[in-house]
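Notes follow once the structure below has been shown.
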Amino acid sequence: MIMIQELSWAVGGQQGEGIESTGEILAATLSRLGYHIYGYRTFSSRIKGGQTNYRIRISTKRVLANQDYIDVLVAFDQETIRLLANRLHPGSLVIADSTDFRAELPAGSSVRLLEIPLTSMAESLGNAVMKNMVAMGATAAVVGFAPETFTDALRRRFGSKGETVVNQNLAAVQKGFEAVAAQLGSGDTFHLAKADGRHRYLMSGDEAAAFGALAAGCRIEAAYPITPASEVMHWLAEMLPKYGGVVVQTEDEIAALMTAVGAGYTGVRAMTSTSGPGLSLMMEALGYAGATETPVVIVNVQRAGPSTGMPTKTEQSDLNEMVYGSHGDLARIVLTPGTVEECFYDTARAFDLAEHYQVPVIVALDLANGLGVQTVEALDYSCLKYDRGERVTNEELAALEGSQFLRYKFTPSGISPRAIPGQPGGMFLATGNEHDQTGHIVERVDNRVQIMNKRMHKLDPLVNDSLAFVRHGLQDADVVLVAFGSTIGPVLEARERLEAAGTKAAVVQVRMAAPFAASQFSDLTAGARKVIVVENNAGGQLYGLIRREVPALAERLASVRKYDGTPFTAGEVVAKCQEVF
Amino acid sequence: MIMIQELSWAVGGQQGEGIESTGEILAATLSRLGYHIYGYRTFSSRIKGGQTNYRIRISTKRVLANQDYIDVLVAFDQETIRLLANRLHPGSLVIADSTDFRAELPAGSSVRLLEIPLTSMAESLGNAVMKNMVAMGATAAVVGFAPETFTDALRRRFGSKGETVVNQNLAAVQKGFEAVAAQLGSGDTFHLAKADGRHRYLMSGDEAAAFGALAAGCRIEAAYPITPASEVMHWLAEMLPKYGGVVVQTEDEIAALMTAVGAGYTGVRAMTSTSGPGLSLMMEALGYAGATETPVVIVNVQRAGPSTGMPTKTEQSDLNEMVYGSHGDLARIVLTPGTVEECFYDTARAFDLAEHYQVPVIVALDLANGLGVQTVEALDYSCLKYDRGERVTNEELAALEGSQFLRYKFTPSGISPRAIPGQPGGMFLATGNEHDQTGHIVERVDNRVQIMNKRMHKLDPLVNDSLAFVRHGLQDADVVLVAFGSTIGPVLEARERLEAAGTKAAVVQVRMAAPFAASQFSDLTAGARKVIVVENNAGGQLYGLIRREVPALAERLASVRKYDGTPFTAGEVVAKCQEVF
Amino acid sequence: MAVQTKVSFKTDAKPWWCPGCGDFAVLAALQRAATQLGLRPENVVLVAGIGCSGKIGDYFGSYNIHVLHGRTMPVAQGIKLANRNLTVIAASGDGDGYGIGLNHFIHAVRRNIDLTYIVMDNHIYGLTKGQYSPTSEKKFRTVTSPAGVYEQPIQPLVLALAAGATFVAQGFSSNVNQLTDLIMKAIRHKGFSLVNVLSPCVTFNKVNTYDFFRANLVDVADGGGHDPHDRTAAMRRITETGGLVTGLLYEEEGPSFQDYIPGYPETPLTEAKIDLPTSEWDKILKEHFG
Amino acid sequence: MAVQTKVSFKTDAKPWWCPGCGDFAVLAALQRAATQLGLRPENVVLVAGIGCSGKIGDYFGSYNIHVLHGRTMPVAQGIKLANRNLTVIAASGDGDGYGIGLNHFIHAVRRNIDLTYIVMDNHIYGLTKGQYSPTSEKKFRTVTSPAGVYEQPIQPLVLALAAGATFVAQGFSSNVNQLTDLIMKAIRHKGFSLVNVLSPCVTFNKVNTYDFFRANLVDVADGGGHDPHDRTAAMRRITETGGLVTGLLYEEEGPSFQDYIPGYPETPLTEAKIDLPTSEWDKILKEHFG
Ligand SMILES: Cc1ncc(C[n+]2csc(CCOP(=O)(O)OP(=O)(O)O)c2C)c(N)n1
Ligand SMILES: Cc1ncc(C[n+]2csc(CCOP(=O)(O)OP(=O)(O)O)c2C)c(N)n1
Ligand code: SF4
Ligand code: SF4
Ligand SMILES: [Mg+2]
Ligand SMILES: [Mg+2]
């Protein structure tokens, strides 16, 4: 038995069998013990049946992605073993449910196998679904936790179902623990080092984004269900009413964004949440928000495209559409949080940016950080600035003495103080047609050029935005890895490995993809021999964006892409980067 | 009186007063005399009232854009003079209707003014609307045509209304001619050199595109009305039924494209036509056509955006969305015809490309070439290849003996022979979800990568496409101007002027914007000191595309943009290019 | 505060409509209704669609939002939810409202948020120059139906009732008094109200002209009165007349969407305090994610 | 040609539906109907939407096209127009068909192109895991309506009739025989036919269960027969039963869209000769542009 600093655990079986809650309970429990957690579920667009697995990485240090390998795998069927076999290493342990199948390990592998009749043990306690809790007990034994460790989490999860259910589940954990403890050889346990015991919080990016929106003062969410963004809506449907807010489930995504635009125009912080297909449907409405300078926030949780694609698989392939979508020329902000924590901060910030600049802001999550869970440190609420942007006051309006308020007044910044309905004397026309300073439709060439310039340049200050990029690592790096969204997790870890292997590497994380702060980016990558863009898509969309924005970098720029629907691991990043070094 | 090779004529007044038909009759008549014509109407999103003007350039040489100046202006109101004053030159002649207003010319201008009571003369003949025909007669006198020149065109236009109407109109022309002839001073006439008398055809790009579609075998158009694309639909609504085809006016643009996709899937050449707002609504459907590899053609006639923008003003600002729109990674073809003739050829070709590569093809017009009219030489029908793409035969299907047909078979080219409904044994599933070779939904990582590669790379041969670019001018040019769409007209003319002024200039016309044939483009611009991208948009969309695709060019690349809703003239191109030389 | 005098809701803008267009009367009726109801311009938002009809906002002196083609309904709902004190009026054309925007309409009806929807129904696409619309009659010849329309026309009143509308009325541009009255009632109605207005397009529709409507329209009360609370009778009247009936066809009082929303405050959301103490967020953090 | 035997329209694929899902019965009924009508698999196209319901295409042995969420209708119409000899069947869920896709549905009804539309109505969004749908009843609690739904539910049969449908029927997953019969009739109907199927979602809808429907559904003919050619009676039956009625509610024979299209040939457009002699184009060039 050796002391390890982290453990990769997984459970797999058929959908609808409780795999998801098993993973959740384990993650919650260990998070409470002070471990850092990363959890990611693989599933398919199907309600019952079909293989699913939940991989959890438990560590004494911060973890933002899964490991390349799995140490302990709980398998409820042979398919799980087949699908995850390539993740097993010589020291891995497989706990297989021997009730229904005879586990077969890859030929010649030295993986250890523990066959336990998890289901029959659960049945003997009264309910086959508790096989998950038996497995949890088994896991506890392997990792060296007392079965009582899970008591709290189980109470929270099953408390509402009554004491009997709680006790049955506790018994199941106990039983699994005992069964395994009895069989364990000395080399079979993974002794996980004690955690720091600090209080952390476990959440997914979808939840973090929804929470960020609520905290930032969002009061209306209009949305249409879609994987993997529905969780944002569900969380807000539960929470917004507690703060007097409303969630409207609209008839489609066009209505969703237009409802939010209506609310934004009226002066309420409003948003929608969607994924690729919905985003595509919103392209006309996005342009409308831009043309009318109406603040609105769109959380887009990307999934594998094109078209319906693979709704339950991750990808980062909506970047092109987010940055270049909608007809005509249009300013918009695209934020690309990487960690779950950043999903909170960036979504909250999106509302400030939307109102400050009077533009649509897209917050781009991806399935991996949207549905993946991470432990989060106590949040830093200084990000909540409640910058409501420039508003004309009733006094200023009164001083107009009936003359027309200039909603789209030409100002040096390009930002014009706005009035909201209800303000006497502030009446104006908001229109997607070209208009003059009052808002009235005009097609004069001089006005057209002026107002286009106003709209196109009002975001210029953002090229100096200090949150546009985050740079990690040495100043004199030889290689700079570039990433956005969830890919930052494996990339940061890859950087450490590269450095450990002697490569001076740094990471530039893109947190704001539009407007793209090109000269900052140039500075941040200056001096590097190679700049490698690592992204989860086939088209090299961020790579292309950087070529366009910083063409001088092109010769030093390389592209690493993955588009099989799964997130990178650090090992994959290292391997692929080494190919292009 | 001197002999001139070309004349710039314009008529302006209020919408609904017959300005449009006046322009059309003049253009048609002079085209029949063998002149080259370019005609462009300025109008607004309003049915009656509001200034409109029709500018026509009449030349003994090919003309693809309006002149910088106007020689003869027929003005029905002062607003026309005010709006077009900056186009008048010292030798210009203004024929003003003195019935309703007293024309005022810009202070100090040496423009000649002929005040004629056009309206009262028409009234005296029985109908005020004939003021247009009086103006036509006046024009004839100024330009030195006999009034009878117009007889033919008038008969064609008014014949259906009966002999009386025809005769009244003829009389109006006669009257206008006489009234002016009497007043003309010797310096007041513009003697236009005789044309070559060759038979040419006068059409707009919208008509040419519709005609190209019909000739290429399109049998279903599903569309929703929108300026400036409705004319495509109108033309097809009239003509398709004569060939057994159908036009469906759908409830929106999503339905339009999906109806066309349904027809394309079934094996009929089908299309839709739209403009920016409709294109934005089609983004999800575009991705669907891409994912299912269904041939379909979208004619997108661009107008000034963003959002509703300026529906009757020209712009080339949908390039970003056409090339990068829709979520996920997606192959599509974007053709960008420049001249009206090319609108015919490229739309016809789009159907071949769509079926050959089994992809959606967007044919990008803009308002200037979509609604502008040009004389066209006899068409070259060798462009009609009727390449229906690879189809599996019934015999091949029978040979499968009941085993599943592989609709998405992995082939070296990435193109898989398709079956259409009705073919026995060819049944398959078309889906926007990720699928395997049979079409069935699968999410396996290996399959995913393979089928993405298939779809993403099947257009690779097009990087060698000989029609991707057209290069005009010297091989050893110092400056290369780059343009797409209608802008090619003024740019070609600017090239001539630059060359006349001693700059060695060439033009590279982009006829295919996606896939972008980067290495051809590099070759075509190699050696130039400066490569200037001239385009009708604020964002520099083509400029950005080239930076992304050919970053090595960035240092030599310059951007010239216009986004006031009007097309460039050659003079503007020259002036703006000289600024960035 | 100064005594507030009635306002006319007029603006300086000169309408872009063709002389004789039915939409002038709709504007006039709306202005009169708003004036007679004593509304304040700052508390009214007019949400207009794209079309000749959609220009109405330019000429109506309130807050105005001219949206995308077909999208008046979601925007209007977003506005009302954001500030329940506002009077929200949406205005569409028949293409805007019953063509591209029909889905939003039906769903707005069943959501029953308190707003008034005026559709200027000229049986044609005016602004795009005369294509047939969803309410165009069969056989109608236009640039997109050179051989005549062959779709069954949409019957807006029937559809609204079928979707559960709580207020359904129809007016005609030639009868501004009735129209004013209907619009006033519609605005007063708590919940979603539809006023379909037969508003002739004198330029492109030579079939459904003023004369046509004058000759064919009946009043709902003609021939014996009509109980506007009787949904079946309303449906029957519409069917009998082939939709050529004006007046208040149906009204049903009752709670509207707002009354049901859990936790929805009496004060408008625009006035909600959003910068809550961070302790609030810490509480959520612990309860939900701890 | 060999004698054609009847085919079963079954495929090898194992359905992804949850055990007990109502959609199994819809698949079975559709397969039986197609078999009994003696259709050939190559001449049938099944157009399916996105949702659990939309998976039906994978299991039905014809040409299949699984479209975008809400877009079965335009695709189905495009297919039928392209090849009038095909039997075109569209299949949606209630969210797909009456939520995001409702506009296309209403317009398809009034266009009356010959196709059959089967909606698997489980009053819930199944595939996205249990949000309420447009047909969900009031007060229904889901993840997006934690305090219960407050919209008035869509009544698909009423809307279809209101839009002028020429064939309206409703089936129930527990009555496969009736459903088979209704689908056969619908396919035979010349024009647009709607078969709404109450098809329980056993996983997410614990309100509108098999038992609920068994307890509440009546047959249209119960209590004295029903004349399916009487639109008013159909409307009344639906209203009386709150929509909880099965059977053929309405059918109206007559020409369909295809019969009106000017110049639309008897032979499918797929067989049209398109590479005409260039003289044809020269003729147009001269006549239109000369
Ligand atoms: C997405 C989109 N498609 C098409 C158009 C073009 N368009 C503008 S108005 C209009 C229809 C107008 O008809 P209607 O709504 O009946 O209004 P009317 O002009 O008759 O009052 C259309 C199709 C558009 N603006 N946006
Ligand atoms: C444009 C778009 N928005 C949202 C989704 C997500 N989505 C998939 S299925 C579905 C609804 C399913 O409900 P229903 O149509 O009733 O089908 P069921 O699963 O109940 O059979 C939704 C919202 C999508 N695929 N595309
Ligand atoms: S075109 Fe018709 S609807 Fe439009 S303004 Fe003129 S009359 Fe009115
Ligand atoms: S979730 Fe519901 S609708 Fe979907 S397969 Fe399961 S039972 Fe059927
Ligand atoms: Mg209309
Ligand atoms: Mg459903």
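A note on names: the letters A, B, ... follow the listed sequences, proteins ahead of strands, and every chain is numbered from 1.
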Side chain, backbone, both or neither of C/Thr278 within contact of chain A (heavy atoms, under 4.5 Å): both

Taking the side chain as every heavy atom from C-beta outward, state whether A/Val246 and C/Leu269 have any atom pair closer than 4.5 Å. yes

Quick check for you: to the nearest 0.5 Å, what is the distance between C/Lys273 atom NZ and A/Tyr386 atom OH? 8.5 Å

Enter the distance from C/Ile65:CD1 to A/Thr294:OG1 here, rounded to the nearest 0.5 Å. 5.5 Å

Under 4.5 Å to a heavy atom of chain A? For C/Asp282 that would be both

Does the pair A/Gln423 and C/Tyr63 meet the rule for a side-chain hydrogen bond (donor to acceptor under 3.5 Å, both in side chains), with working shown? CA-CA 9 Å; A/Gln423 286 191 277; C/Tyr63 276 89; 4.9 Å; no

Taking side chain as C-beta onward, heavy atoms only, is C/Asp58 less than 4.5 Å from A/His440? yes

Given side chain to side chain contact (heavy atoms under 4.5 Å, CB included), test A/Thr266 with C/Leu86 step by step and report yes or no. CA-CA 10 Å; A/Thr266 312; C/Leu86 299 172; 3.8 Å; yes

Pick from A/Gly432, A/Pro424, A/Ala256, A/Gly287 with the largest number of heavy-atom pairs that fall under 4.5 Å of chain C: A/Pro424

Atom group of C/Lys286 that falls short of 4.5 Å from chain A, counting heavy atoms: both

Counting heavy-atom pairs under 4.5 Å with chain C, which one of A/Ala222, A/Gly264, A/Ala215, A/Gly267 comes out on top? A/Ala215

Would you say A/Met239 and C/His288 make side-chain contact, with heavy atoms under 4.5 Å? yes

Calculate, to the nearest 0.5 Å, the distance between atoms OH and CG belonging to A/Tyr381 and C/Leu285 respectively. 4.5 Å

In terms of heavy-atom pairs under 4.5 Å with chain C, which of A/Val373, A/Val376, A/Asp252 leads? A/Asp252

I need the single residue from C/His107, C/His104, C/Arg110 that forms a side chain to side chain donor-acceptor pair (under 3.5 Å) with A/Glu251. Which is it? C/His104

A/Ala270 versus chain C, heavy atoms under 4.5 Å apart: side chain, backbone, both or neither? neither

Does any part of the side chain of C/Gln77, heavy atoms only, come nearer than 4.5 Å to the side chain of A/Val248, both counted from C-beta? no

Check C/Pro265 against A/Gly244 and note the closest heavy-atom contact, atom names and distance. CD-O, 3.3 Å

Can you tell if the side chain of C/His66 reaches within under 4.5 Å of the side chain of A/Ile441, non-hydrogen atoms only? yes

With a 4.5 angstrom heavy-atom cut-off, which part of A/Leu384 approaches chain C: side chain, backbone, both or neither? side chain

Here the gap from C/Lys55 atom NZ to A/Thr431 atom OG1, rounded to the nearest 0.5 Å, amounts to 9.5 Å

Are the side chain of A/Arg32 and the backbone of C/Gly290 linked by a donor-acceptor contact shorter than 3.5 Å? yes

Does any backbone or side-chain atom of C/Ile50 lie under 4.5 Å from a heavy atom of chain A? Answer side chain, backbone, both or neither. side chain

Given heavy-atom pairs under 4.5 angstrom as the criterion, report whether the side chain, backbone, both or neither of A/Leu379 touches chain C. both

Nearest atoms (heavy-atom pairs only) where A/Ala263 meets C/Ala82: CA-CB, 3.9 Å

Applying a strict 4.5 Å limit to non-hydrogen atoms, the region of C/Ile261 in contact with chain A is side chain

Taking the six-membered ring for Trp, are A/Tyr243 and C/Trp281 closer than 6.0 Å centroid to centroid? yes

Contacting moiety of A/Gln249, where chain C heavy atoms sit under 4.5 Å: backbone

Show the numbers, then the answer: is there a side chain to side chain contact (heavy atoms under 4.5 Å, CB included) between C/Ile284 and A/Leu214? CA-CA 10 Å; C/Ile284 291 180; A/Leu214 174 68; 3.6 Å; yes

Pairwise side-chain contact, A/Arg388 with C/Ile274, heavy-atom cut-off 4.5 Å (strictly under): yes

If you take all heavy atoms of A/Met427 and C/Ser62, which pair is closest and at what distance? CG-C, 3.4 Å

Sidechain N-carboxylate O distance under 4.0 Å for A/Arg219, C/Glu271: no

When the 4.5 angstrom heavy-atom criterion is applied to C/Val67 and chain A, the contacting part is both

Atom of A/Pro241, atom of C/Pro262 and distance for their closest heavy-atom approach: CB-O, 3.5 Å

CZ (C/Phe60) and CG (A/Leu429) are apart, to the nearest 0.5 Å, by 13.0 Å

Between A/Val261, A/Thr250, A/Ile420, which residue shows the highest count of heavy-atom pairs closer than 4.5 Å to chain C? A/Ile420

Portion of A/Ile220 that has a non-hydrogen atom of chain C nearer than 4.5 angstrom: side chain

A side-chain contact here means heavy atoms from C-beta on lying under 4.5 Å apart; do A/Tyr288 and C/Leu68 qualify? yes

Applying a strict 4.5 Å limit to non-hydrogen atoms, the region of A/Tyr265 in contact with chain C is side chain

